Amino acid sequence: MTRPSNKAGKVYLVGAGPGDPDLITLRGRELLESADRVVYDALVDPYLLEYVRPEAEKLFAGKRGVDPEARQRAIDRLLVEGARQGLVVVRLKGGDPFVFGRGGEEAEVLAREGVEFEIVPGVSSMIAGPAYAGIPLTHRAHASSVFIATGHEDPERPSGRLRWEVLARSADTLLFMMSIRNLGAILSKLQEHGRDASTPAALIERATWPRQRTVVGTLSTLEEKARLERISPPALLVVGDVVSVRESTAWFERRPLFGRRVLITRARHQAAPLRRLLREAGAEVVEFPTIEIHPPSSWGPADKAIGELEAYDWVLFTSANGVDAFFDRLWKKGRDLRALSQARLGAIGPATARRLEEHGLRPDVIPGEFRAEGVLEALHDQVRGARILLARAREAREVLPRQLREVEGAQVDVIEVYRSELPQVDTSELRRELEQSRIDVVTFTSSSSVKNLARLLNVKSLSELLVACEVGCIGPITSDTARAHGLSPSIEPEQYTIPALAMAVIDRFKSSPSGTRPPR
Ligand code: SAH
């Protein structure tokens with residue numbers, strides 16, 4: 001995206017944080033939102049890139065198999081040339097930009113080329129890794145100093161810059177990054193230079209990611225343990241008495257859904273709240289949207305109703321998507337909320353109600369039971385002979401308008417304000433995961449998500465592929481649809497809401513022993 005400009009561009013070396021996308025700084029996020037070009041590394045979580053504007057360039061700088069020096073020169077060029085074109089360039093680097101990772105060298109190039117730049121610190125893995133493993137780097141009873149080094153240098157090479165005889169006794173806590181390849185040599189060197197063989201030591205692999213693992217041993221046992229557990233980079237080595245504190249303070253791996261992989265089938269733009277709740281409970285979330293929201297096939301009937309909204313006694317909404325689509329259209333047609341000042345408003349459930357509130361409107365009725373039958377009960381006697389507008393998706397259950405007409409004698413106009421469609425997606429990866437039983441829970445938040453998953457996977461019965469996993473449904477209608485597709489839902493909350501569904505998934509796994517469960 002070359003935005004010709006007479007103003008000079010600028011390069012921001014931004015720390016992305018250690019892995020968990022929520023650990024980026026506010027400044028970092030703000031810059032991602034305003035960037036014209038983002039150059040990112042392999043250790044950066046793809047969710048962070050969702051902050052980037054769709055028109056901005058997103059360039060991956062971590063290609064493997066390329067000579068590291070050539071790759072670095074290519075990165076430097078992208079930064080310098082971008083700034084010269086007047087772009088806001090964000091160089092997004094794992095952890096903190098000035099902790100092992102050539103951030104210093106990149107800044108030197110920018111300074112030499114006369115390009116304006118700014119350094120935005122990030123939460124380094126050296127801080128976050130021990131925190132997420134429950135290992136305090138300092139502790140009044142165990143450690144009052146910390147030493148941080150790269151484990152990249154082969155300790156057996158005399159040309160190395162690390163002075164092991166000094167380093168081994170330099171601080172109470174020693175922390176090594178990039179240390180897996182030389183692990184054995186590092187552990188021996190420390191013992192050779194005076195650290196006791198029984199000193200506690202830990203490896204923290206993929207810290208802050210859902211599949212974080214921590215292996216604890218001593219200077220004499222850790223290498224063997226790491227080999228058995230097949231620990232691989234990225235990982236941190238922590239040495240010192242502080243490691244023993246973890247026994248009581250490990251928290252990350254003890255969360256109820258830790259090590260569990262949960263599939264979300266919701267539309268991508270709606271997945272965030274469920275994703276957040278499940279992740280917070282420790283789950284690794286796999287997203288596979290089975291629904292895409294599109295405009296209706298024709299706006300004709302909706303536009304006509306919007307033009308004469310004052311004629312309706314009630315306007316009913318059956319989904320948050322419906323609310324958004326309706327108000328978007330209302331605005332586009334040159335009208336605003338005042339068009340609804342006469343009408344009473346109904347929402348099928350709390351999520352729909354909340355969305356109405358976000359638009360500045362209080363629903364007059366929210367049923368106790370969040371489906372068509374509940375709405376009917378709540379409206380009973382209030383809508384006799386009334387004129388009702390029902391704004392919803394094309395493919396919705398007929399029971400609501402039919403009953404309103406037949407039982408309440410109401411005059412009901414149904415308008416289509418959106419259409420949900422099957423996404424065009426490649427299903428091979430999901431099939432593989434299901435076949436290998438790598439998904440622990442599949443969640444459905446609507447009947448269409450069940451039907452669409454069966455269509456996308458091209459199976460008669462979902463039981464063919466969803467063999468080893470638990471099935472969670474938001475409510476009884478969705479559960480019925482799941483059963484009709486060969487499944488036996490084992491998770492269904494009493495309230496048909498996203499937070500209740502997340503809680504039900506958590507409850508299901510709470511009782512199983514936590515913390516010790518190996519991630520798949
Ligand atoms: N600038 C980064 C470090 C880059 S060097 C930072 O501040 O974190 C890469 C090394 O960082 C890896 O070899 C590993 O030792 C460490 N590292 C980075 N992310 C990590 C993670 N999520 N878990 C454990 N170690 C990590």
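Nothing here was measured: the structure is a model prediction, and the numbers come from that model.
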Query - Working for side chain to side chain contact (heavy atoms under 4.5 Å, CB included), residues Arg266 and Ile291 - result: CA-CA 7 Å; Arg266 296 204 98 184; Ile291 294 173; over 6 Å; no
Supply the atom-to-atom distance [X] [atom1] to [Y] [atom2], rounded to the nearest 0.5 angstrom.
X: Asp324; Y: His269; atom1: CG; atom2: NE2; value: 7.0 Å
X: Leu31; Y: Leu26; atom1: CG; atom2: CG; value: 11.0 Å
X: Ser34; Y: Asp36; atom1: OG; atom2: CG; value: 8.0 Å
X: Leu137; Y: His142; atom1: CG; atom2: NE2; value: 13.0 Å
X: Glu464; Y: His485; atom1: CD; atom2: NE2; value: 11.5 Å
X: Leu457; Y: Ser428; atom1: CG; atom2: OG; value: 11.0 Å

Compare all side-chain heavy atoms of [X] with those of [Y] and state whether any distance is below 4.5 angstrom.
X: Thr173; Y: Thr138; answer: no
X: Phe176; Y: Asn182; answer: no
X: Gln191; Y: Ser220; answer: yes
X: Arg431; Y: Val459; answer: yes
X: Val215; Y: Leu222; answer: yes
X: Leu501; Y: Tyr496; answer: no
X: Phe444; Y: Ser449; answer: yes
X: Arg91; Y: Asp41; answer: yes

Any side-chain to backbone donor/acceptor pair from [X] onto [Y]? Under 3.5 Å, distance only.
X: Asp440; Y: Arg260; value: no
X: Gln212; Y: Tyr132; value: yes
X: Thr478; Y: Cys473; value: no
X: Arg195; Y: Leu190; value: no
X: Lys93; Y: Gly101; value: yes
X: Arg53; Y: Ala35; value: yes
X: Thr427; Y: Leu430; value: no
X: Glu153; Y: Leu162; value: yes
X: Gln72; Y: Pro68; value: no
X: Thr218; Y: Pro200; value: no

**Report entry** Candidates Arg438, Arg261, Arg279 - the one meeting side-chain hydrogen bond (donor to acceptor under 3.5 Å, both in side chains) with Glu284
**Finding:** Arg261
Requested in this report: Start with the C-alpha distance between Val115 and Val89, add both sets of side-chain angles, then the distance that settles side chain to side chain contact (heavy atoms under 4.5 Å, CB included), and finish with yes or no.
Outcome: CA-CA 11 Å; Val115 169; Val89 181; over 6 Å; no
Specify the closest pair of heavy atoms between [X] and [Y], including all atoms of both residues, with the distance to one decimal.
X: Leu23; Y: Val123; value: O-CG2, 3.6 Å
X: Ser179; Y: Ala235; value: OG-O, 4.3 Å
X: Gly129; Y: Ala207; value: CA-CB, 3.5 Å
X: Ser463; Y: Leu487; value: N-CD2, 3.9 Å
X: Met177; Y: Ser125; value: CE-OG, 3.2 Å
X: Phe288; Y: Leu456; value: CE2-CD1, 3.9 Å

Report task. Go through the steps to decide whether Lys189 and Glu192 satisfy the test salt bridge (charged side-chain N to carboxylate O under 4.0 Å, His left out), and finish with yes or no. Result -> CA-CA 5 Å; Lys189 276 279 174 208; Glu192 213 174 284; 3.6 Å; yes
Requested in this report: Can you establish whether the number of heavy atoms outside Arg276 located under 6.0 Å from its atom CZ is more than 12?
Outcome: no
Report task. May I ask you to check if Arg255 and Phe252 form a cation-pi contact, with NZ or CZ under 6.0 angstrom from the six-membered ring centre and within 45° of the axis? Result -> yes
Answer yes when [X] and [Y] have at least one side-chain N-carboxylate O distance shorter than 4.0 Å, and no when they do not.
X: Glu50; Y: Arg268; value: no
X: Arg355; Y: Glu358; value: yes
X: Arg73; Y: Asp76; value: no
X: Arg230; Y: Glu205; value: no
X: Glu224; Y: Arg227; value: yes

Report task. Apply side chain to side chain donor-acceptor pair (under 3.5 Å) to Asp172 and His139, showing your working. Result -> CA-CA 10 Å; Asp172 300 322; His139 187 292; over 6 Å; no
Requested in this report: For Leu274 and Val262, run side chain to side chain contact (heavy atoms under 4.5 Å, CB included): C-alpha distance rounded to whole Å, both residues' side-chain angles, the deciding distance at 0.1 Å, then the answer.
Outcome: CA-CA 10 Å; Leu274 184 56; Val262 183; over 6 Å; no
**Report entry** For Glu81, salt bridge (Lys or Arg N to Asp or Glu O under 4.0 Å) partners two or more places apart
**Finding:** none
Query - Steps toward salt bridge (charged side-chain N to carboxylate O under 4.0 Å, His left out) verdict (Arg102, Glu69) - result: CA-CA 11 Å; Arg102 294 187 181 235; Glu69 297 312 316; 3.0 Å; yes
Query raised in the report: Is it true that Phe60 and Tyr40 have ring centroids separated by less than 6.0 Å?
Result: yes
Requested in this report: Start with the C-alpha gap between Ile491 and Val441, add the side-chain angles, then the distance that decides, and say whether side chain to side chain contact (heavy atoms under 4.5 Å, CB included) holds.
Outcome: CA-CA 9 Å; Ile491 301 168; Val441 189; 4.1 Å; yes
